[in-house]
Asks: 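This is the structure I want to talk about, given as structure tokens.
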Amino acid sequence: MNIAFQALAAPSLDRAQMVHATEQIMASPLAPVALTGHYVLVLAAVMLGVGFWRAGVGPRWAAIAIALCGPVDALAGVFGSAGDLVGGILSNALLIGGFAAEAWFLVREERARDTASAVRKVPVG
């Protein structure tokens, strides 16, 4: 949908016709179906963040950032193109920051586990 709306906003196109086309798209009974994937993604991000929180994996702020990225993106679309731009940047920053922190935590944990197992295997004697 975003790609279609961006194409409709091209300066070379007739604005009146593009507004009419946008209204036709949004008036279609299939418009909510097209947006369903976005809302499923929002729900999945919230569930993933809650899962990280409950599992105690990584820093708590990373779990919160992951859980908030979807709702921030969905709510930003309500405030028009400027809100969508700022919200998109903010939601992507939350998602990237959260996943980077989780990945860093998991890599460090794996290295610590490898080191601990190597130390246990050294024969004493």
Asks: Work out which heavy atom in I66 is nearest to a heavy atom in E102; give both atom names and the distance.
Replies: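 So the minimum-distance heavy-atom pair works out to CD1-CG, 3.9 Å.
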Asks: Find out if a path of hydrophobic residues (ILVMFWY) with successive side-chain heavy-atom gaps under 4.5 Å connects L106 to F99.
Replies: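 Yes; F99 is reachable from L106 via cluster members.
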Asks: Take a 6.0 Å sphere around CZ of R60 and say whether it holds more than 12 heavy atoms from other residues, nucleotides or ligands.
Replies: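 Check passes, neighbour count above 12.
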Asks: Is there a side-chain contact between P71 and V42 in this structure, where contact means two heavy atoms from C-beta onward sitting under 4.5 Å apart?
Replies: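 A side-chain contact exists here, since the closest heavy-atom pair is under 4.5 Å.
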Asks: Show the nearest heavy-atom pair for residues C69 and L95, with the distance to one decimal.
Replies: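 Taking C69 first and L95 second, the nearest heavy atoms are SG-CD1, 3.5 Å.
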Asks: Tell me the closest heavy-atom pair linking V46 and A67, and the distance in Å.
Replies: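 Reported closest heavy-atom pair: CG2-O, 3.4 Å.
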Asks: Out of curiosity, I64 CD1 to F52 CZ, how far, rounded to the nearest 0.5 Å?
Replies: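 Going from CD1 on I64 over to CZ on F52, the span is 13.5 Å.
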Asks: Examine distances only and state if a side-chain atom of N92 and a backbone atom of G88 form a donor-acceptor pair shorter than 3.5 Å.
Replies: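 Pair found, side chain donor or acceptor close to backbone of G88.
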Asks: Are L48 and V57 linked, directly or through other ILVMFWY residues, by side chains that come within less than 4.5 angstrom of each other?
Replies: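 Per the 4.5 Å side-chain linkage, L48 and V57 are co-clustered.
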Asks: Using the rule that two of Ile, Leu, Val, Met, Phe, Trp, Tyr join whenever any of their side-chain heavy atoms come within less than 4.5 Å, decide whether L68 and L90 are in one cluster.
Replies: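 Same hydrophobic cluster.
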Asks: How close do G70 and A45 get, counting heavy atoms only, and between which atoms?
Replies: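 Closest approach of G70 to A45, heavy atoms only: N-CB, 4.3 Å.
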Asks: A63 and W53: which non-hydrogen atoms are nearest, and at how many Å?
Replies: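 So the minimum-distance heavy-atom pair works out to CB-N, 3.7 Å.
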Asks: Taking all heavy atoms of Y39 and all of A74, pick out the closest pair and write down the distance.
Replies: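 Minimum heavy-atom contact is CE2-CB, 4.3 Å.
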Asks: Rounded to the nearest 0.5 Å, what separation is found between the OG1 atom of T36 and the CG atom of L43?
Replies: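 Between T36 OG1 and L43 CG, I get 12.0 Å after rounding to 0.5 Å.
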